[in-house]
*Asks:* 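My questions will all concern the structure given below.
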Amino acid sequence: MTLDITGLKVSIGGKDVLRGVDLRLQEGRVHGLAGESGSGKTMTGLAVLGLLPHGSRTSGSVTLGGRELLTMAPRELNKIRGGEVAMVFQDPATSLHPMLTIGKQITEHMRHHLGLGKREARARAVELLGKVRIPGAEEACGRYPHQFSGGMRQRVAIAVALACSPKVLIADEPTTALDVTVQAGVLRLLRGLCDELGLAVLLVTHDLGVMSAVADEVSVMRDGLVVETGPRGRVLREPSHPYTRSLLDSLPDAQIEEGGR
Ligand SMILES: Nc1ncnc2c1ncn2[C@@H]1O[C@H](COP(=O)(O)OP(=O)(O)OP(=O)(O)O)[C@@H](O)[C@H]1O
Ligand SMILES: [Mg+2]
């Protein structure tokens with residue numbers, strides 16, 4: 001399913017934080033979104049899900065398989081959020097409830113959105129934890145978020161996001177808090193899930209090195225606008241915007257992998 005963001009503008013308390021963002025996410029493709037801190041990457045993801053802070057004003061268009069999300073009734077949007085479109089938040093603590101077991105968090109989602117019975121939901125939770133490579137998935141279901149390492153928590157957050165078989169996954173800096181080796185694992189996992197499940201993924205990161213390893217398309221934001229977009233190879237090897245060039249110049253060459261995956 002295709003998610004199209006067209007001319008998306010957001011202002012919060014009178015400040016223009018998005019000034020006309022265009023992005024397209026496609027089935028089975030990872031779209032990398034880079035850009036400096038404060039450029040509007042997180043706000044773009046939150047706008048898609050209708051989760052902007054109070055007092056935000058939004059205009060433009062966000063369509064999922066042709067349906068407009070920006071003007072959708074809250075009830076309907078609620079079904080899409082965590083259903084067809086899921087998000088892994090920048091801070092894994094936001095994605096996971098500290099007082100609920102992992103199993104509960106995954107199954108509640110499925111029972112609410114998919115109407116699955118207790119047993120069925122439980123079996124699927126175990127399967128999902130296996131998919132994100134949590135060892136001993138059966139036992140893991142009974143544990144709380146703080147009983148996992150940072151990398152595992154991040155993968156659990158991905159499992160929670162995948163609980164309702166979304167078509168679109170927005171992953172906001174899913175690896176920032178992790179050390180480099182764990183980071184690579186989570187990214188490979190996202191790439192694999194995208195291929196296997198035909199997910200359309202928006203991978204938000206300010207790290208172009210991370211981007212080069214997994215993204216099919218890359219967009220670069222600056223000051224509330226997408227200043228450059230295109231196939232990863234083109235954007236990273238022949239950036240047309242001076243800002244992208246300066247982002248690339250700040251990276252050691254070795255980080256931009258030829259061919260990527
Ligand atoms: N709750 C809020 N209320 C008002 N303005 C906000 C709020 N959250 C973010 N902003 C502003 O919106 C703009 C875009 O922020 P956003 O969080 O999307 O940046 P980002 O690209 O995700 O940055 P980072 O890489 O640091 O996560 C910034 O100018 C920020 O100050
Ligand atoms: Mg952010």
Side-chain angles (χ1 to χ4, degrees), residues 3-25 30-62 69-70 81 85-96 150 153-154 157-158 160-161 168-180 183 186-187 190 201-215 217-230 232 235-236 239 241-251 255:
L3 183 96
D4 270 308
I5 302 178
T6 323
L8 177 64
K9 295 186 184 175
V10 169
S11 67
I12 308 176
K15 184 181 174 229
D16 296 328
V17 298
L18 300 182
R19 301 187 295 134
V21 170
D22 297 317
L23 277 178
R24 164 171 268 203
L25 311 185
V30 174
H31 195 121
L33 183 60
E36 67 190 351
S37 184
S39 56
K41 304 181 299 295
T42 295
M43 289 302 138
T44 301
L46 294 180
V48 169
L49 289 166
L51 293 176
L52 289 167
H54 276 294
S56 305
R57 293 170 62 107
T58 311
S59 66
S61 164
V62 178
L69 300 188
L70 289 188
R81 194 188 297 139
V85 184
M87 183 155 177
V88 178
F89 292 90
Q90 191 157 6
D91 172 8
T94 316
S95 300
L96 299 174
R153 258 202 302 273
Q154 202 59 270
I158 293 173
V160 172
V168 178
L169 181 69
I170 298 173
D172 193 358
E173 310 254 14
T175 60
T176 318
L178 308 175
D179 75 50
V180 180
Q183 220 176 61
V186 173
L187 289 173
L190 272 180
V201 177
L202 181 67
L203 175 63
V204 177
T205 170
H206 55 258
D207 184 340
L208 290 182
V210 159
M211 202 72 94
S212 69
V214 285
E217 282 85 33
V218 169
S219 291
V220 179
M221 283 188 79
R222 186 181 198 193
D223 196 16
L225 283 174
V226 173
V227 293
E228 173 134 22
T229 190
R232 172 197 57 204
V235 174
L236 298 182
H241 196 278
Y243 175 67
T244 314
R245 238 171 281 146
S246 68
L247 267 185
L248 284 167
D249 286 345
S250 64
L251 271 181
Q255 282 196 23

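Quick caveat: nothing in here was measured; it's all calculated off a predicted structure. One-based numbering, in listed order, for ligands and for the atoms of each.
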*Asks:* Answer yes or no: is there a side-chain heavy-atom contact under 4.5 Å between D22 and V226?
*Replies:*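 Sidechains of V226 and D22: no contact.
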
*Asks:* Evaluate V30 against L190 for side-chain contact (heavy atoms from CB on, under 4.5 Å), listing each step before the verdict.
*Replies:* CA-CA 9 Å; V30 174; L190 272 180; over 6 Å; no

*Asks:* Step through the shown structure and confirm whether more than 12 heavy atoms of other residues, nucleotides or ligands are within 6.0 Å of CZ on R245.
*Replies:* yes

*Asks:* Do R19 side-chain atoms and G224 backbone N/O form a donor-acceptor pair below 3.5 Å?
*Replies:*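 Checking the backbone N and O of G224 against the side chain of R19, no donor-acceptor pair under 3.5 Å is found.
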
*Asks:* Rounded to the nearest 0.5 Å, how far apart are NZ of K41 and CG of D172?
*Replies:*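 Rounded to the nearest 0.5 Å, the NZ-CG separation comes to 8.0 Å.
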
*Asks:* Using a 4.0 Å cut-off on heavy atoms, what residues surround ligand 1? Order them by chain and number.
*Replies:* I12, K15, V17, E36, S37, G38, S39, G40, K41, T42, M43, P53, Q90, E173

*Asks:* Kindly confirm whether the Mg ion (ligand 2) is within less than 2.8 Å of some N/O/S atom in T42?
*Replies:* yes

*Asks:* Can a donor-acceptor pair be found, under 3.5 Å and without considering hydrogens, that links the side chain of D223 to the backbone of S39?
*Replies:* no

